[in-house]
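All remarks here apply to the structure that follows.
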Amino acid sequence: MTQPHVFVALADILNLRCDAWLLPTDSSVKIESHWLRAHPDLSALAAASASDDFRNGNALAQPLHPWDAAAPLPVMTAVPEDGTWSPSVVAERLEAFVLNALKALPGSLDHRPNRLLALPFFGTAGGGAGNHLGAALRAILDASFRLANQYRVDIVLVLKDKSAFSLAQKLRREAADGSPWSSLGNGLQEKAASLGQAARTGHLVPFLGAGVSVSAGAPSWSQLLDRLRSGVRLAAGEAAAFDRLDVLDQAGVLEQLYADQHGSRAAFGKAVAAAVDLPRYGLAPALLAALPSAGAITLNYDRLFEMACADAQRPRTVMPENIPAVGNDWLLKLHGSVSAPESIVLTRDDYLGYNSNREALSALVKAHLLTHHLLFVGFGLADDHFHEIVHDVRRALPGTGSKEHQMGTVLSLFSDPLQSLVWSGKLDILPMSGAPAQDASEEEVRKALATAGRDLEIFLDMLAAYATDNHSYLLAPAYNQGLADDELDLRKQLLALAGQKRSAGTAEVWGVIDKALGELGFDEGTKR
């Protein structure tokens, strides 16, 4: 059985794919306006779902019903009526949420070894914790760790405030009772911390493959072709011949059939877009979105990563749709996007014509392979276009240096000695686990994939924790109760500095100091 885990993400809980999420309310079933995006009739559904026990305080949590089984389930959870917000109050309500979520969810798991339950920064918008955010954050983390282990669930704390996010990561890095990522083993933990440090200095560039979107329900390559195939008719006797084709040629046949049967080739691109354009991102995009990287590269068509980046307050300019991207964090979508279906690269003709149409984009990837460390996630390393890029970079390097230059790290699900041999001296292959036995059943392989995929998410969670370079919690209002004694002393000194008198002759220097104080969370207009 897999060890439960508590994730931390800088995201929007309504855009995250999970099994259930905590909807804060009270005995009068008041719903804050920002939650109403979850459903056009959320307030009415909540009022109809609330039992007498919930309204009189005898029940602290209750799921909404009816609810779309394909969407994450909201579980109403009551904030304290008197505004009291102690660790025991936090734990009591979070446990009520977990119990009610597990009771309401169906028994089978379709994509994860453990249920994934999502928590917002509970009680901070009006539930009584807004004046002591640091203490509330500690209480939520402590209760989440205990509940995850007690009920064998994964929990993700979804934060929207950078100060809360950076403090949560610091608290986890400095956990006194052992590493929160101990399930990875020492080797993977060392790699995650090292890559996190590289990301903190701006040297890590994420390179995303199809596996990053799988946790959101996106189809694999073969599943995508199956879905596209269902939209056209193959003539009698052609099915067997179609199955024998290479996947690129299958895509080419389907494109022509869409043109013949739907009136234009554009129908093929629209069908691809419809199959991969999903409303919610999974944990992997959410965790990668928080990395401090100016650039990112993907072969995916969907918009999940750019959605996650916007929610992580690091919006990205998508290329080649928006050029130039000067001054902005950017995302290079090498194989096109659902927002421009005509740009999608899927057939053999698309691949053969790629170099002539998008040579400048390939040059950007090559430059980053030379100057940065690329982190390949959800990427099978079988893409012909990628092989061409790596080959050209290797040729551009000096003779001896080319054999020693590690261009990146590949996070793979399973160990593959032959793949490691192929990429030796070029890429560091980092498997999450050993490969399933050759005689493993289909069900055993499915479980192994799900477990390895979750291990990869835990790895990214640790990487993100060590990549966090924001310290705005130090001077931010109401976070002081989350600080250690030496940090409280430093906070006091910095606040005293901020209150010093200024003169015209030191204005330029004070500008630099004020900028640093602002990055540490100081706001002169906020009561401290």
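Numbers here simply count residues along the sequence, with the first being 1. Since this is a predicted model, take the numbers as computed values, not measurements.
Gln189 places no side-chain N or O within donor-acceptor distance of the main-chain N or O of Phe459, the cut-off being under 3.5 Å. Remark: the backbone N or O of Leu208 is paired with a side-chain donor or acceptor of Thr298 at under 3.5 angstrom. With hydrogens and angles ignored, the 3.5 Å screen pairs a side-chain donor or acceptor of Gln223 with a backbone N or O of Ser220. Judged by distance alone, the side chain of Asp68 and the main-chain N or O of Ala70 form a donor-acceptor pair under 3.5 Å. Using modelled atom types, no side-chain atom of Thr201 and backbone atom of Ala199 make a donor-acceptor pair closer than 3.5 Å. Formation of a donor-acceptor pair under 3.5 Å by the Ser293 side chain with backbone atoms of Gly295 is found in this model. Distance alone, capped at 3.5 Å, is enough to place a donor-acceptor pair between the Asp19 side chain and the Leu116 backbone. In terms of modelled atom types and a separation under 3.5 Å, the side chain of Ser337 and the main chain of Lys333 share no donor-acceptor contact. A donor-acceptor contact shorter than 3.5 Å links the side chain of Gln250 to the backbone of Phe242. Within the 3.5 Å criterion, the main-chain N or O of Ser441 finds a donor-acceptor partner in the side chain of Glu444.
Checked by atom type, the side-chain pair Gln169/Tyr466 shows no donor-acceptor distance below 3.5 Å. A side-chain N or O of Asp311 and one of Tyr281 form a donor-acceptor pair less than 3.5 Å apart. One side chain, His373 or Thr409, offers a donor N or O that lies under 3.5 Å from an acceptor on the other. No hydrogens or angles considered: nothing links the side chains of Gln62 and Ser49 as a donor-acceptor pair under 3.5 Å.
Summarising the geometry of Leu346 relative to Leu228, their closest heavy-atom pair is CD2-CD1, 4.0 Å, with the distance given to 0.1 Å. Across all non-hydrogen atoms, the minimal contact from Phe165 to Ala290 is CZ-CB, 3.9 Å. Taking both residues in full, the closest heavy atoms of Leu45 and Pro66 are given as CD2-O, 4.1 Å, listed atom of the first, atom of the second, then distance. Nearest heavy atoms, Leu234 versus Leu257: CD2-CD1, 3.6 Å. Heavy atoms only, all atoms of each residue included: Gly434 and Phe414 are closest at O-CD2, 3.3 Å. When all heavy atoms are compared, the tightest approach of Arg200 to Pro292 is CA-CG, 4.0 Å.
For the pair Asp161 and Leu133, the minimum side-chain heavy-atom distance is 4.5 Å or more. You'll find the side chain of Phe97 stays beyond 4.5 Å of the side chain of Met76, heavy atoms only. For the pair Leu60/Phe54, no side-chain contact is recorded, criterion being any heavy-atom separation below 4.5 Å from C-beta on. Contact of the Leu22 side chain with the Pro120 side chain is registered, since non-hydrogen atoms from C-beta on lie closer than 4.5 Å. The side-chain heavy atoms of Arg115 and Cys18, taken from C-beta on, include no pair separated by under 4.5 Å. A heavy-atom distance below 4.5 Å is found between the side chains of Leu105 and Leu73. At a threshold of 4.5 Å between non-hydrogen side-chain atoms, the residues Leu331 and Thr317 do not count as touching. Side-chain contact check for Val410 versus Leu375: every heavy-atom pair is 4.5 Å or farther apart.
In this structure, His368 and Trp330 have perpendicular ring planes: the angle between them is above 60°, well past the 30° mark. The aromatic rings of His203 and His372 stand perpendicular to each other, their planes meeting at an angle above 60°, with 30° marking the opposite boundary.
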What pairs of donor and acceptor atoms, side-chain ones from residues 141-149 against any protein atom, are under 3.5 angstrom apart with sequence neighbours left out?
residue	atom	partner	partner atom	Å
Ser144	OG	Ile140	O	2.7
Arg146	NH1	Gln150	OE1	2.8
Asn149	ND2	Phe145	O	2.8

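For the atom pair CG of Leu291 and CG of Asp329, the computed distance is 11.5 Å after rounding to the nearest 0.5 Å. In this structure, Asn114 CG and Gln3 CD are separated by 10.0 Å, a value rounded to the nearest 0.5 Å. Between the CZ atom of Arg37 and the CH2 atom of Trp35 there is a distance of 9.0 Å, given to the nearest 0.5 Å. Atom CG of residue Leu117 and atom CG of residue Asn100 lie 11.5 Å apart, to the nearest 0.5 angstrom. Rounding to the nearest 0.5 angstrom, the gap separating the OG atom in Ser183 from the CG atom in Asp455 is 6.0 Å. Rounded to the nearest 0.5 angstrom, Met307 CE and Arg316 CZ are separated by 15.0 Å.
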Please step through side chain to side chain contact (heavy atoms under 4.5 Å, CB included) for the pair Thr25 and Thr77, ending with a clear verdict.
CA-CA 6 Å; Thr25 184; Thr77 306; over 6 Å; no
Please step through side chain to side chain contact (heavy atoms under 4.5 Å, CB included) for the pair Leu288 and Val377, ending with a clear verdict.
CA-CA 9 Å; Leu288 288 164; Val377 188; 4.2 Å; yes
Take Glu457 and Arg112, measure what side chain to side chain contact (heavy atoms under 4.5 Å, CB included) needs, and give me the verdict at the end.
CA-CA 11 Å; Glu457 291 172 344; Arg112 294 180 59 82; 2.6 Å; yes
Do Asp461 and Arg172 pass the side chain to side chain contact (heavy atoms under 4.5 Å, CB included) test, and can you show the C-alpha distance, the side-chain angles, and the key distance before you say yes or no?
CA-CA 11 Å; Asp461 181 56; Arg172 295 199 302 161; 2.7 Å; yes
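Enclosure of atom CG in Asn186 is not indicated, since only 12 or fewer non-hydrogen atoms of other residues, nucleotides or ligands lie within 6.0 angstrom.
Each of Val158, Asp154, Leu157, Leu460 was checked for a side chain to side chain contact (heavy atoms under 4.5 Å, CB included) with Phe7, and the lone residue meeting it is Asp154.
Using a 4.0 Å cut-off between a side-chain N of Lys or Arg and a carboxylate O of Asp or Glu, Lys270 and Asp277 do not qualify as a salt bridge. Remark: Glu442 does not engage Lys447 in a salt bridge, criterion side-chain N to carboxylate O under 4.0 Å.
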